[in-house]
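Report on the structure given below.
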Amino acid sequence: MADQYSKLRQEWLELAPYWIKESREGGDVARKGLLDAYMLSVCGDVAGLRILDCGCGEGRFCRMLAERGAQYVLGVDTCEPMIAAARELQSDNDQYMVGDVQNLDFLADQSFDLAISYLNQCDLPDFEANIREVYRVLTQEGRFIVANLHPMRTAEGSWYRAPDGTKLHVILDHYFDEGERHFVMKGVEITNFHRMLSTYIRAFLKAGFVLEDIIEPTAAPEALALYPELDDELRVPNFIIYVLRK
């Protein structure tokens with residue numbers, strides 16, 4: 001397990017400069033053109049809330065929450081360069097720490113009103129540990145918003161194409177074979193973890209959460225007008241959002 005954690009950490013250390021550069025130059029299209037609107041809508045009015053962002057990266061979404069009036073936003077990530085970049089832009093009400101969201105023992109029980117996992121649980125070897133820890137640090141009636149890669153895409157997820165390159169349909173295969181999946185991002189091989197939809201839901205319920213909603217985001221017309229490359233989102237669910245309450 002130690003070797004696995006070391007490998008995962010090294011992947012993100014290699015990816016960090018490219019990730020930070022992209023975020024500072026406008027951000028990933030799937031996030032800014034699709035997921036941000038859904039996540040902000042589900043978070044609702046954050047004014048006066050204490051918020052935990054699990055796997056915050058370089059802090060982009062933390063800053064968005066802070067700008068919307070959150071009392072305090074804490075971003076936690078294992079990648080030191082990401083945290084260093086986040087601290088460069090932090091304000092009076094957002095803070096960033098290097099830490100493992102699978103073990104939040106440096107945080108007190110019931111110390112946050114809202115927790116966010118924005119495409120992070122698919123990166124965690126022990127996602128259930130993160131769920132248990134978030135449950136512990138949330139206040140009663142606190143909420144946990146989890147945006148994740150959709151299980152039907154993490155299983156296989158590549159496009160089957162016609163000879164001319166036209167996308168015909170997405171391949172869904174090896175769905176019941178949970179475990180590591182590997183892909184290349186910005187020239188760096190990254191590890192994700194595929195799990196079935198039922199695996200996630202059972203873990204949320206086992207920890208004690210109430211599942212209030214499941215959202216499968218798709219691209220709105222206005223988003224497609226700005227980002228036509230999001231047209232895949234009209235055909236297949238690339239992402240899923242779980243809305244949980246303690």
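Heads up: numbering here begins at 1 and tracks the sequence. Fair warning: this is a prediction, and the values are worked out from it, not measured in the lab.
Ion pairing between E212 and R143 fails under the 4.0 Å rule for side-chain N and carboxylate O.
R9 CZ: 12 or fewer foreign heavy atoms inside a 6.0 Å radius. The environment of F106 atom CZ is dense: over 12 non-hydrogen atoms of other residues, nucleotides or ligands sit within 6.0 angstrom. Other residues, nucleotides and ligands contribute at most 12 non-hydrogen atoms within 6.0 Å of the CG atom of D92. The local environment of CZ in R235 is crowded, with over 12 non-hydrogen atoms from other residues, nucleotides or ligands closer than 6.0 Å. Residue K167 qualifies as enclosed at atom NZ: its count of foreign heavy atoms under 6.0 Å is above 12.
Once rounded to the nearest 0.5 Å, the distance linking CD1 of I145 with CE of M39 reads 6.5 Å. With rounding to the nearest 0.5 angstrom, the CD1 atom of I20 is 12.0 Å from the CD atom of E25. A distance of 13.0 Å separates CE in M185 from OH in Y18, rounded to the nearest 0.5 Å.
Not a single donor-acceptor pair under 3.5 Å links the side chain of R31 to the backbone N or O of S23. Judged by distance alone, with hydrogens and angles left aside, the side-chain atoms of D94 form a donor-acceptor pair with the main-chain N or O of S91 at under 3.5 Å. Checking side-chain atoms of Q121 against main-chain N and O of V146 turns up no donor-acceptor pair under 3.5 Å. With hydrogens and angles ignored, the 3.5 Å screen pairs a side-chain donor or acceptor of N148 with a backbone N or O of C122.
Residues L197 and Y175 share a closest heavy-atom pair of N-OH, 2.9 Å. Heavy atoms only, all atoms of each residue included: C79 and L13 are closest at SG-CD2, 4.1 Å.
Side chains of F239 and L149 form a contact here, defined as non-hydrogen atoms less than 4.5 Å apart. Between E133 and Q102, the closest side-chain pair of non-hydrogen atoms is not below 4.5 Å.
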Practice task
Check the pair D213 / V42 against side-chain contact (heavy atoms from CB on, under 4.5 Å), numbers first and verdict last.
Solution key: CA-CA 10 Å; D213 200 3; V42 173; over 6 Å; no
Practice task
Please step through side-chain contact (heavy atoms from CB on, under 4.5 Å) for the pair E178 and F193, ending with a clear verdict.
Solution key: CA-CA 7 Å; E178 297 188 325; F193 294 88; over 6 Å; no
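Screening residues 121-157 for ring-ring contact (aromatic ring centres under 6.0 Å, His included) gives F127-Y200, Y135-F209, F144-F209 as the qualifying pairs, with residues at least two apart or on separate chains.
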Side chains of residues 48-76: which donor-acceptor pairs under 3.5 Å do they make with residues two or more places apart or in other chains?
from: R50; atom 1: NE; to: S111; atom 2: O; distance (Å): 2.9
from: E58; atom 1: OE1; to: R24; atom 2: NE; distance (Å): 3.0
from: E58; atom 1: OE1; to: R24; atom 2: NH2; distance (Å): 3.1
from: E58; atom 1: OE1; to: R63; atom 2: NH2; distance (Å): 2.9
from: E58; atom 1: OE2; to: R60; atom 2: N; distance (Å): 3.0
from: E58; atom 1: OE2; to: R63; atom 2: NH2; distance (Å): 3.3
from: R60; atom 1: NH1; to: D36; atom 2: OD2; distance (Å): 2.7
from: R60; atom 1: NH2; to: D36; atom 2: OD1; distance (Å): 2.8
from: R60; atom 1: NH2; to: D36; atom 2: OD2; distance (Å): 3.4
from: R63; atom 1: NH1; to: E58; atom 2: O; distance (Å): 2.8
from: R68; atom 1: NH1; to: M64; atom 2: O; distance (Å): 3.1
from: Y72; atom 1: OH; to: Q95; atom 2: OE1; distance (Å): 2.6

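Side chains of T139 and E141: a donor-acceptor N/O pair is absent below 3.5 angstrom, by distance only.
Hydrophobic cluster membership differs between W19 and L8, with clusters built from Ile, Leu, Val, Met, Phe, Trp and Tyr side chains linked at under 4.5 angstrom.
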